[in-house]
Number of protein chains: 2
Amino acid sequence: MARKTGSHSKITGPLVRQAAIRLFARHGYAAVSMRQIAAEVGVQAGALYLYTPDKQTLLYDLMRVHLEDLLETWEARPKPDDPMAQLQNFCRFHIAYHLERPEQVFIAYMELRNLDEENFREIERLRRRYESELETILARGQDAGVFHVPDNRLATMAIIAMLTGVNTWYQEGGRLTREDVAQIYWDMVRRSVSAGQ
Amino acid sequence: MARKTGSHSKITGPLVRQAAIRLFARHGYAAVSMRQIAAEVGVQAGALYLYTPDKQTLLYDLMRVHLEDLLETWEARPKPDDPMAQLQNFCRFHIAYHLERPEQVFIAYMELRNLDEENFREIERLRRRYESELETILARGQDAGVFHVPDNRLATMAIIAMLTGVNTWYQEGGRLTREDVAQIYWDMVRRSVSAGQ
DNA sequence: GTCTATATGCTGATAGAC
DNA sequence: GTCTATCAGCATATAGAC
């Protein structure tokens with residue numbers, strides 16, 4: 001792991017972030033020491049402070065960037081016209097995006113309580129922005145008479161919890177591909193917001 | 001917080017468990033020290049070791065007892081005959097039981113990675129036993145032609161994630177009572193496993 | 001840009017007095 | 001049953017050499 005002295009600032013920064021993601025996801029923020037992160041990167045602990053002012057900011061930045069990327073990617077995605085296609089689009093996007101980066105997703109959910117109050121508020125603001133994207137789709141579909149949802153806010157939370165839950169059990173190379181899973185979940189979501197039998 | 005010297009073993013044990021639940025749920029296992037737990041109880045740190053051999057076992061016991069109580073309470077509950085009523089029964093039970101003890105639920109989900117390998121296996125075994133209760137209900141309903149579920153295992157995971165998600169946003173004394181929430185979620189679950197339009 | 005060395009303080013757990 | 005005192009180790013963060 002040892003690395004020779006030299007100029008590496010352009011690559012060490014990302015390596016620090018990558019090592020922190022791996023270790024925070026596996027052991028938890030509080031259980032991981034700056035020494036462990038440094039060892040993973042191949043530098044001494046002191047050198048980390050060239051790339052982050054402190055451990056707390058390192059965690060906050062990981063979560064903030066994750067949520068900003070999520071929102072940016074979603075917003076850049078072409079949007080279908082009708083509500084049913086919009087909901088399908090959201091479900092497929094959510095599952096695909098979250099399965100693609102399980103460690104960041106895990107950190108963003110599990111380490112909220114380790115954020116400073118101010119950092120916590122900003123992360124929650126970003127999360128609410130994402131949730132409101134789905135809530136808007138549901139509201140429009142409800143108005144159009146396509147969806148029959150007893151409560152928009154609850155349906156939003158229920159669907160997001162259901163979709164994000166895939167990350168807790170999905171295993172690459174298992175019985176089902178990501179597309180299989182996305183298809184099956186979309187089928188359940190579709191029926192959960194459609195008129196009952 | 002200070003407490004006078006004396007014989008309190010019958011109450012101190014439960015108080016230690018209660019304090020650990022509160023603190024682990026709020027700050028996370030790794031971030032909580034034995035000294036903090038002791039201070040919350042009103043004893044010195046050394047006294048805790050009369051009630052648990054070590055910190056790891058304290059965590060494990062909290063999670064194990066929580067899951068054992070969950071299973072025991074579920075198993076003692078009268079079971080309806082037809083699959084639709086069984087599913088409704090499960091949904092209402094799950095939401096009610098989990099909203100009643102949010103801290104234990106939180107710990108049981110968030111602190112899995114802080115368990116020793118052996119302890120982890122036992123906790124996972126208990127969780128699987130609970131999940132299989134729902135899976136069995138879905139399988140029977142599928143056989144009876146009442147449910148139309150594309151994949152039993154996935155539907156089980158999807159429904160449990162959806163129901164447990166209530167704990168992340170529900171606030172006592174808010175817009176909706178627990179019964180309102182249980183009713184709305186049951187409505188969505190029912191439609192998600194019924195034949196589509 | 002990275003290193004070594006260090007400050008200051010907290011950690012889990014134990015020993016022995018009362 | 002609880003206390004005080006303590007061990008040995010690791011934590012975050014910084015200072016200064018190269």
Side-chain angles (χ1 to χ4, degrees), chain A residues 1-24 26-62 107 111 113-116 118-119, chain B residues 1-24 26-63 107 111 113-119:
Chain A
M1 273 295 177
R3 185 135 59 84
K4 296 190 183 77
T5 297
S7 180
H8 294 285
S9 72
K10 282 181 192 138
I11 59 166
T12 304
L15 285 180
V16 169
R17 292 175 42 81
Q18 210 178 332
I21 288 169
R22 245 178 60 86
L23 291 169
F24 287 168
R26 185 160 311 182
H27 307 292
Y29 170 79
V32 171
S33 70
M34 293 298 267
R35 279 175 180 77
Q36 278 176 274
I37 298 171
E40 183 94 353
V41 175
V43 298
Q44 293 298 313
L48 295 181
Y49 292 88
L50 295 166
Y51 305 98
T52 181
D54 51 38
K55 194 186 175 191
Q56 164 71 205
T57 306
L58 177 56
L59 173 64
Y60 169 63
D61 283 341
L62 293 179
I107 292 168
E111 303 297 354
R113 63 187 166 187
N114 285 312
L115 289 173
D116 284 351
E118 191 181 0
N119 291 342
Chain B
M1 273 298 177
R3 184 133 61 84
K4 296 190 183 77
T5 297
S7 180
H8 294 283
S9 71
K10 281 181 194 137
I11 61 167
T12 304
L15 285 180
V16 168
R17 293 175 42 82
Q18 209 178 332
I21 288 169
R22 247 179 60 87
L23 291 170
F24 288 168
R26 185 161 309 183
H27 307 291
Y29 171 78
V32 171
S33 69
M34 294 298 268
R35 280 171 178 79
Q36 278 176 272
I37 298 171
E40 184 94 353
V41 175
V43 297
Q44 293 299 312
L48 296 180
Y49 292 89
L50 295 165
Y51 305 98
T52 181
D54 51 38
K55 194 186 175 193
Q56 164 70 206
T57 306
L58 178 54
L59 173 65
Y60 169 63
D61 283 340
L62 293 180
M63 295 173 73
I107 292 169
E111 303 297 355
R113 64 187 165 186
N114 286 310
L115 289 173
D116 284 352
E117 196 180 308
E118 191 182 358
N119 292 342

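In what follows, chains carry the letters A, B, and so on, assigned in the order in which the sequence lines appear, proteins first and then strands, with residues in each chain numbered from 1. Values in this document were obtained by computation on a predicted structure and should not be read as measured data.
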Whichever of A/Ala45 and A/Ala31 has its nearest DNA chain D nucleotide further upstream toward 5':
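It is A/Ala31, whose closest nucleotide lies nearer the 5' terminus.
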Upstream residue (5' side of DNA chain D) when A/Pro53 and A/Gln36 are each assigned their closest nucleotide:
A/Gln36
Give a yes/no on whether any side-chain N or O of [X] is located under 4.0 angstrom from OP1 or OP2 of [N].
X       : N      : value
B/Gln44 : D/dT4  : yes
A/Thr12 : C/dT2  : yes
A/Ser33 : D/dA11 : yes
A/Tyr51 : C/dT2  : yes

Using atom [atom1] of [X] as one end and atom [atom2] of [N] as the other, report the distance to the nearest whole Å.
X       : N      : atom1 : atom2 : result
B/Met34 : C/dT11 : CE    : P     : 12 Å
A/Ile11 : C/dT2  : CD1   : C1'   : 13 Å
A/Leu48 : D/dT14 : CG    : P     : 13 Å
B/Arg35 : D/dC3  : CZ    : P     : 13 Å
A/Asp54 : D/dA11 : CG    : P     : 17 Å
A/Tyr49 : C/dT4  : OH    : P     : 16 Å
B/Lys55 : C/dA13 : NZ    : C1'   : 12 Å

How long is the span from the CG atom in A/Leu115 to the OH atom in A/Tyr29, to the nearest 0.5 Å?
8.5 Å
Separation between CG of A/Asp61 and CG of A/Asn119, rounded to the nearest 0.5 Å:
8.5 Å
Can we say A/Lys55 and A/Glu111 salt-bridge, meaning some charged N sits less than 4.0 Å from an Asp/Glu carboxylate O?
no
Can you tell which of D/dT2, D/dT6, C/dG1 lies closest to the side chain of B/Leu50?
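Closest nucleotide among those given: D/dT2.
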